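Structure, as structure tokens:
Chain letters run A, B, ... following the sequence lines, proteins first, then strands; residues in each count from 1. Fair warning: this is a prediction, and the values are worked out from it, not measured in the lab.
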Protein chains: 4
Amino acid sequence: MHTPDSDEAAEVGPSKAAARIRAAAVEMFAERGYGETSLRDITYGLGLSPGAVYPHYKTKESLLYAISLDGHTGALAAVTDAASCGHTAVEQLQHAVAAYVEWHARNQALARVVQYEWRSLSNTHYRKITTLRRRTTAVFANIIERGTRSGDFAVDDVDAAVLAISSLCIDVSRWFPTRRHNDPLRLSRAYVDLVTRMVVGRRL
Amino acid sequence: MHTPDSDEAAEVGPSKAAARIRAAAVEMFAERGYGETSLRDITYGLGLSPGAVYPHYKTKESLLYAISLDGHTGALAAVTDAASCGHTAVEQLQHAVAAYVEWHARNQALARVVQYEWRSLSNTHYRKITTLRRRTTAVFANIIERGTRSGDFAVDDVDAAVLAISSLCIDVSRWFPTRRHNDPLRLSRAYVDLVTRMVVGRRL
Amino acid sequence: MHTPDSDEAAEVGPSKAAARIRAAAVEMFAERGYGETSLRDITYGLGLSPGAVYPHYKTKESLLYAISLDGHTGALAAVTDAASCGHTAVEQLQHAVAAYVEWHARNQALARVVQYEWRSLSNTHYRKITTLRRRTTAVFANIIERGTRSGDFAVDDVDAAVLAISSLCIDVSRWFPTRRHNDPLRLSRAYVDLVTRMVVGRRL
Amino acid sequence: MHTPDSDEAAEVGPSKAAARIRAAAVEMFAERGYGETSLRDITYGLGLSPGAVYPHYKTKESLLYAISLDGHTGALAAVTDAASCGHTAVEQLQHAVAAYVEWHARNQALARVVQYEWRSLSNTHYRKITTLRRRTTAVFANIIERGTRSGDFAVDDVDAAVLAISSLCIDVSRWFPTRRHNDPLRLSRAYVDLVTRMVVGRRL
DNA sequence: GATGAATGAGACTTCATTCAT
DNA sequence: AATGAATGAAGTCTCATTCAT
């Protein structure tokens with residue numbers, strides 16, 4: 001289970017106005033990118049002036065950090081919680097992939113910021129986020145490793161499999177939704193299927 | 001087969017200086033993003049002044065377009081050429097995936113710009129690039145459809161499979177290289193394996 | 001009678017800082033021309049940075065428009081008000097010419113911008129200003145026409161007379177003041193005399 | 001009669017290409033103003049590159065000077081020649097006004113540059129041009145003074161009359177042609193009439 | 001005589017940020 | 001908590017001008 005410590009909560013920005021600003025920023029950052037979004041862009045639709053951001057976030061970058069922290073924390077929680085619901089490696093993998101895909105589909109804008117605007121963070125914040133990313137990847141790596149050792153999975157290159165599975169899930173945020181695929185649940189089922197075939201079963 | 005028409009060459013910028021500027025821009029756009037890269041950033045390392053771009057590219061955006069056009073054309077050519085070298089659907093898919101993965105790994109910077117800086121194009125240029133992207137996706141879609149109809153592939157959702165395979169390849173440009181995976185050829189082999197298992201063989 | 005509507009006030013820029021910027025711009029535009037005056041030129045003497053214009057005027061051109069609108073409105077009001085004070089055509093013409101000459105002499109810088117920097121306006125603004133110019137010319141045309149029909153004036157070519165009278169007044173802003181002519185009132189009396197002779201009395 | 005000394009000819013730029021450039025510049029300067037016209041604007045329509053100006057004119061300003069010199073010289077010659085064809089003050093004035101009006105109408109673009117772009121000259125060139133302008137004004141001043149002393153003219157304020165007559169003629173270049181007035185000869189006749197009435201005959 | 005690449009200055013404009021209100 | 005004015009830095013782009021070719 002995920003319990004945010006008070007530091008994190010403080011950094012995300014607790015007030016109602018802060019939340020509105022954050023939400024608007026997520027949409028804009030996702031659509032245009034951090035560098036191409038101005039504070040004016042963010043505040044305009046809220047009926048606020050650009051300066052209204054500063055009582056809530058110290059800088060534009062710290063707004064990105066709040067979003068990043070929020071997003072990465074949520075994604076990690078989703079994956080961790082899901083994985084803990086399975087008993088076998090297969091079950092765990094399937095739950096984790098389903099959760100990760102769904103998270104990227106259901107929170108497409110947030111996910112896009114999390115996955116693609118990351119580089120615009122300051123060094124300090126970048127490093128803090130890196131930890132969360134590693135922990136997320138580790139969830140998948142652990143499952144694949146365990147399943148491979150146990151013989152449940154037939155994987156030649158554990159690393160490559162982890163990369164491939166992560167890519168599959170992460171990349172959802174780049175294109176979702178499509179005319180044909182706009183149902184997060186249906187997509188996650190299809191992807192769980194594909195991932196399972198990728199790692200389970202006989203060598204070719 | 002790929003035959004570059006002379007128009008394309010003109011739009012990409014044929015002179016030597018234009019090529020140097022384009023190369024520098026690719027690296028910068030890949031590293032920081034289009035919006036966060038200034039013409040100064042691009043020209044400084046070349047010993048040029050920012051204005052030196054303008055004899056070669058009408059605007060910063062048209063420089064991005066030249067890069068995008070070049071990159072998309074190359075990627076499409078790589079995939080098309082590779083697919084045409086296989087006879088069975090399995091062979092074609094394997095060749096195409098290998099080529100696409102390798103292209104993203106070997107031209108990582110260019111690929112990143114192609115896949116992630118696309119949105120900064122003007123409407124007109126955006127539409128022109130969209131055509132090339134659709135043609136690239138179509139190569140994979142055609143192979144999967146054909147293989148599925150012929151029974152070579154066991155795919156429940158053709159669309160999802162095409163998305164997943166594309167994602168796998170495209171996302172390479174986001175993270176490549178890693179300490180463990182920095183050999184394009186080894187990566188492409190591993191990914192061809194994973195993709196093959198995803199689509200070939202019996203239902204689970 | 002002249003009643004400024006609130007829209008105009010808004011477009012001209014109502015705040016104190018806006019008025020100072022406008023005043024400085026009038027002097028500069030009059031002296032060097034719009035194209036040769038930079039925002040730095042305008043703001044330097046005010047102790048402001050060039051960007052300080054933007055809270056008040058959206059673009060440099062809109063600053064020119066504000067000045068143009070202000071100036072044309074004022075000139076039209078001056079002429080209209082003056083003409084309405086006369087009963088006979090002769091009186092009306094004399095009042096109107098006196099007012100127009102005086103306006104160009106007393107507001108020489110503004111008048112110069114109004115008469116000579118006009119062409120630098122955007123198409124939309126150009127058209128709006130054109131309306132005011134036509135209304136100003138129409139005041140003179142109406143008087144001359146009426147006076148000619150009534151026999152008060154002996155004018156062969158109404159159009160030419162209107163052009164000549166307008167030219168006389170407008171051109172004041174090009175040269176005023178001179179060492180010998182720096183008193184707006186004295187000038188206007190002399191010009192009223194000349195204009196009166198031009199149109200009144202027997203054929204030559 | 002007017003005979004250009006060789007210095008002037010050299011400064012105007014004698015070659016064929018120089019003349020083409022000068023002609024294009026006249027049109028552009030007249031339409032947009034010196035400060036808003038670039039060398040590219042001037043050379044584009046000629047199929048030349050901006051640098052092609054430099055074999056012929058040392059700077060953009062010297063191109064304006066060549067035009068100004070040419071124009072002022074021509075205008076002065078026209079007025080001087082015309083005045084010399086009359087015997088009485090009335091005749092001289094009428095000839096001079098006719099010539100000056102016609103010159104501004106027939107050479108509208110050149111005249112506009114001469115009358116309104118003058119201020120963009122360098123100090124040295126500005127002073128040289130000033131001499132020509134004074135000589136032109138002097139032609140009118142001399143006629144009016146002589147005619148007033150002889151009793152041919154009834155003018156209260158010689159200075160004002162000279163200013164008014166000059167204005168009438170000069171301002172033609174600002175608006176000519178109009179839908180109704182596009183015949184230089186007809187205009188000059190109408191204006192000669194108006195000017196004559198202005199100065200001839202009984203006091204009012 | 002002319003070009004195309006390049007420069008260096010400077011233009012307008014945007015923007016994150018500050019601060020008095 | 002929020003605004004509007006303002007700043008200073010920076011961005012894209014233009015332009016007169018130079019120079020090798």
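Near-neighbour residues of DNA chain F inside residues 40-52 of chain C, defined by a heavy atom below 4.0 Å, number-ordered: C:Gly47, C:Leu48, C:Ser49, C:Gly51, C:Ala52. Contacts between residues 31-39 of chain A and DNA chain E, defined by a heavy-atom separation under 4.0 Å, are made by A:Thr37, A:Ser38, A:Leu39.
Between B:Glu61 and C:Arg20, the one whose closest nucleotide on DNA chain F sits nearer the 5' end is C:Arg20. Each of D:Ile21 and C:Thr59 was matched to the nucleotide of DNA chain E holding its nearest heavy atom; the match closer to the 5' end belongs to D:Ile21.
Looking at B:Arg112, its side chain does come within 3.5 Å of a backbone N or O of B:Ser173 through a donor-acceptor pair.
Partners of B:Ser120 according to the side chain to side chain donor-acceptor pair (under 3.5 Å) rule, which considers only residues two or more places apart in sequence or in another chain, are A:Glu36. Take C:His125 and apply the ring pair (Phe, Tyr, Trp, His ring centres under 6.0 Å) test, not counting sequence neighbours, and it matches C:Tyr65. The salt bridge (charged side-chain N to carboxylate O under 4.0 Å, His left out) search around A:Glu117 returns B:Arg119, not counting sequence neighbours. In this view, A:Arg133 satisfies the salt bridge (charged side-chain N to carboxylate O under 4.0 Å, His left out) rule with no residue, not counting sequence neighbours. With sequence neighbours excluded, the residues that form a salt bridge (charged side-chain N to carboxylate O under 4.0 Å, His left out) with D:Arg32 are D:Asp41. Partners of A:Tyr126 according to the side chain to side chain contact (heavy atoms under 4.5 Å, CB included) rule, which considers only residues two or more places apart in sequence or in another chain, are A:Trp118, A:Leu121, A:Thr130.
Taking the side chain as every heavy atom from C-beta outward, B:Ile42 and B:Leu39 approach each other to under 4.5 Å. Here the side chains of A:Lys128 and A:Thr131 are not in contact, with every heavy-atom distance at 4.5 Å or above. The shortest side-chain heavy-atom distance between B:Asn107 and B:Val114 does not fall under the 4.5 Å cut-off.
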Check against side-chain contact (heavy atoms from CB on, under 4.5 Å), A:Leu69 and A:Leu132: CA-CA 9 Å; A:Leu69 190 57; A:Leu132 293 173; 3.8 Å; yes
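As judged by a 4.0 angstrom heavy-atom cut-off over every strand, C:Ser15 is placed among residues making no nucleic acid contact.
For residues 47-65 of chain D, there are no salt bridge (charged side-chain N to carboxylate O under 4.0 Å, His left out) pairs, not counting sequence neighbours.
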Kindly list each side-chain donor-acceptor pair under 3.5 angstrom involving residues 22-29 of chain B, sequence neighbours excluded, with atom names and distances?
unit_1: B:Arg22; atom_1: NH1; unit_2: B:Val12; atom_2: O; d: 3.1
unit_1: B:Arg22; atom_1: NH1; unit_2: B:Gly13; atom_2: O; d: 2.8
unit_1: B:Arg22; atom_1: NH1; unit_2: B:Tyr57; atom_2: OH; d: 3.1

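Helical stems in DNA chain F, defined as runs of 3 or more consecutive Watson-Crick or G-U wobble pairs with both donor-acceptor distances under 3.5 Å, are listed by first residue as E:2-21 with F:2-21.
Following rounding to the nearest Å, C:Tyr57 (OH) and E:dT14 (P) show an atom-to-atom distance of 17 Å.
Of all nucleotides in DNA chain F, those with any atom nearer than 4.0 Å to a heavy atom of chain B start and finish, going 5' to 3', at F:dG11 to F:dT14.
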